[in-house]
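Chain naming here is simple, since letters A, B, ... match the order of the sequence lines and numbering starts at 1 in each. It should be emphasised that the depicted structure is a prediction, and the values quoted were computed from it without experimental measurement. Hydrogens, waters and symmetry mates play no part in the numbers below; they use all other heavy atoms, side chains included.
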Number of protein chains: 2
Amino acid sequence: MPEKPEKAGTETTTAAADERPRRRQARGERRITQLLEAAAAVFSTTGYTAASTNAIAREAGVSPGTLYQFFPNKEAIAIELGSRLMHEMRQSYDEVLTPTDPAVTSLEEVITGAVDRFIEFNGRHPAFFALMHGPDIPGRIAEEHDALHTTLVARVETLVAPFVPDAPAPAVTRTARMCVGIYKAGLELILAHEGAEREAYIQELKEALLRYLRPLAGASCADTP
Amino acid sequence: MPEKPEKAGTETTTAAADERPRRRQARGERRITQLLEAAAAVFSTTGYTAASTNAIAREAGVSPGTLYQFFPNKEAIAIELGSRLMHEMRQSYDEVLTPTDPAVTSLEEVITGAVDRFIEFNGRHPAFFALMHGPDIPGRIAEEHDALHTTLVARVETLVAPFVPDAPAPAVTRTARMCVGIYKAGLELILAHEGAEREAYIQELKEALLRYLRPLAGASCADTP
DNA sequence: CAGAAATGCGAGCGATCTCTCGTGTTTGCC
DNA sequence: GGCAAACACGAGAGATCGCTCGCATTTCTG
């Protein structure tokens, strides 16, 4: 949430330089989520840079001035949206993406579960893909965006690590980054197709990840049942 | 090249609707390549949408008006640049990326050669990556851009096909698309690092492609020397 | 209920960008 | 040399966009 009240307390004269404590009313909170939903819709269809703040306000059914009552600038909208998506993804994760014991859960199961979850998440929040995949995103956001990406990689690292117990940390990071990259590439293909073809690409992505990771697990050849 | 003379011939009154045959002088041709080089520099640093035509003209050391003497609009610059890069890539290809006989050239060699070539090409022409990877590219270019991408996929198909003789065509296409996707993902990682780390990512990309493709070749397990 | 603060509006400012136009200069051709 | 076309310039028209400001309305608080 952008600038919470903070319960300013003994802030007599202060001149806090930047933020006056703004007491949001219930109506304001509603407007914020409403604006973020509109922003998500616009971002996912036009991308970040091409999305105009006026268009976001129009999509939300409010005036441009109202938008700027809640967000200091266009960047802040994307950052806050990314933050909320990240938060939601984390809890959409934790059910499936917690580190597992290789003896209990096979690599194949882990990949299938993770990929299915990610795809479903991206289906529900197309804006996430737009923000992650955005090379059109100007400087300042990149930091927040990197935090997003870094968190993602870290998650994949913890997922992959149990399967490669005898690998140095940098190698695990490289592997995790590569996995995320392969996933993004696969997702792009998946989103570009529909129906049976889409299912085929989903399967193809899982296969690609499986073949990429399996040799690391030390398991040699005997794997097919 | 944008609108060649065409040697208009018996074009009396015509009203050709769009293009008057423009006789380029040697100076004009030089300006065009000069402008395209400037555009490549600007595109690769700022991306397409963020690149202003004035900035391209300034980079080329000419006035904005001069730029529009040779290109009808900003899109045309990107399209022509993409076309020339594609052309150059094709001939940078053909030495290494012609279909090979699996009995003579191993999959590993093919992958190593192709990846090395692609990386070197992207190093010489950073704008290519910017144009290919551009989700910020507005509608009309997408078509030309798709042609670029499609050609690339077709090339990879012919490369992969000899190694999977017993696969239906759609499956080969999916595999080729996935390869291109994996390559783009790997390239992004490679470009984000330097020195030894970069080399490690190059190796990682080759490994990823190799592991992805090897199982298709029917070769089971005995491959390590 | 009264005052303050939060919310809401929308015209429009200033900056930027694409592209045009009138004019002047250079080049090719007879 | 002389003419027409190609080339070059740069101010600025026209449009868009991010964002502001003055003012009206709603909500909260004492």
Non-hydrogen side-chain atoms of A:Glu207 and A:Arg211 separated by less than 4.5 Å: yes

Results of side-chain contact (heavy atoms from CB on, under 4.5 Å) for B:Ala40 - residues two or more places apart only: B:Leu81, B:Ala127

For B:Phe128, ring-ring contact (aromatic ring centres under 6.0 Å, His included) partners two or more places apart: B:Phe121

Length of the line joining B:Phe70:CZ and D:dC9:C1', which is rounded to integer Å: 12 Å

Between D:dA8 (P) and B:Phe71 (CZ): distance, integer Å: 12 Å

Overall bend - the helix from C:dC1-D:dG30 to C:dC30-D:dG1, comparing terminal axes fitted on five pairs, nearest 10 degrees: 10°

Separation of atom CZ in B:Arg58 from atom P in D:dA8, rounded to whole Å: 18 Å

What pairs of donor and acceptor atoms, side-chain ones from residues 56-64 of chain B against any protein atom, are under 3.5 angstrom apart with sequence neighbours left out?
{"residue": "B:Ser63", "atom": "OG", "partner": "B:Gly65", "partner atom": "N", "Å": "3.4"}
{"residue": "B:Ser63", "atom": "OG", "partner": "B:Thr66", "partner atom": "N", "Å": "3.3"}
{"residue": "B:Ser63", "atom": "OG", "partner": "B:Thr66", "partner atom": "OG1", "Å": "3.3"}

Residues that B:Glu120 engages under side chain to side chain donor-acceptor pair (under 3.5 Å), provided they are two or more places apart: B:Arg124

Nearest-nucleotide pick for A:Ser52, side chain only, options being C:dA6, D:dA8, D:dC17: D:dC17

Those residues that, when tested against B:His149, pass ring-ring contact (aromatic ring centres under 6.0 Å, His included) (two or more places apart): none

Side-chain N,O (A:Arg24) to OP1/OP2 (C:dT7) below 4.0 Å: yes

Sugar-phosphate only, base, or nothing, as touched by B:Ala55 at under 4.0 Å among non-hydrogen atoms: nothing

Pairing residues for A:Glu199 by the side-chain contact (heavy atoms from CB on, under 4.5 Å) criterion, not counting sequence neighbours: A:Ile202

Check nucleotides 19-26 of chain D against the protein and report each pair of N or O atoms closer than 3.5 Å, with its distance, or say if there are none.
{"residue": "D:dC19", "atom": "OP2", "partner": "A:Tyr68", "partner atom": "OH", "Å": "2.9"}
{"residue": "D:dC19", "atom": "OP2", "partner": "A:Lys74", "partner atom": "N", "Å": "2.7"}
{"residue": "D:dC19", "atom": "N4", "partner": "A:Asn54", "partner atom": "OD1", "Å": "3.4"}

N or O in side chain of B:Thr66 less than 4.0 angstrom from D:dC7 OP1/OP2: no

Between D:dT27 (C1') and A:Gln69 (CD): distance, integer Å: 13 Å

Sugar-phosphate only, base, or nothing, as touched by A:Ala57 at under 4.0 Å among non-hydrogen atoms: nothing

Set of residues satisfying side chain to side chain donor-acceptor pair (under 3.5 Å) with respect to B:Thr151, sequence neighbours excluded: none

Gap between atoms CD and P, on B:Glu29 and C:dG28 respectively (whole Å): 13 Å

Length of the CG-C1' vector between A:Leu67 and C:dT7, whole Å: 13 Å

Under-4.0 Å side-chain N/O to phosphate OP1/OP2 contact, A:Arg31 with C:dG8: yes

Sidechain N-carboxylate O distance under 4.0 Å for A:Glu188, A:Lys184: no

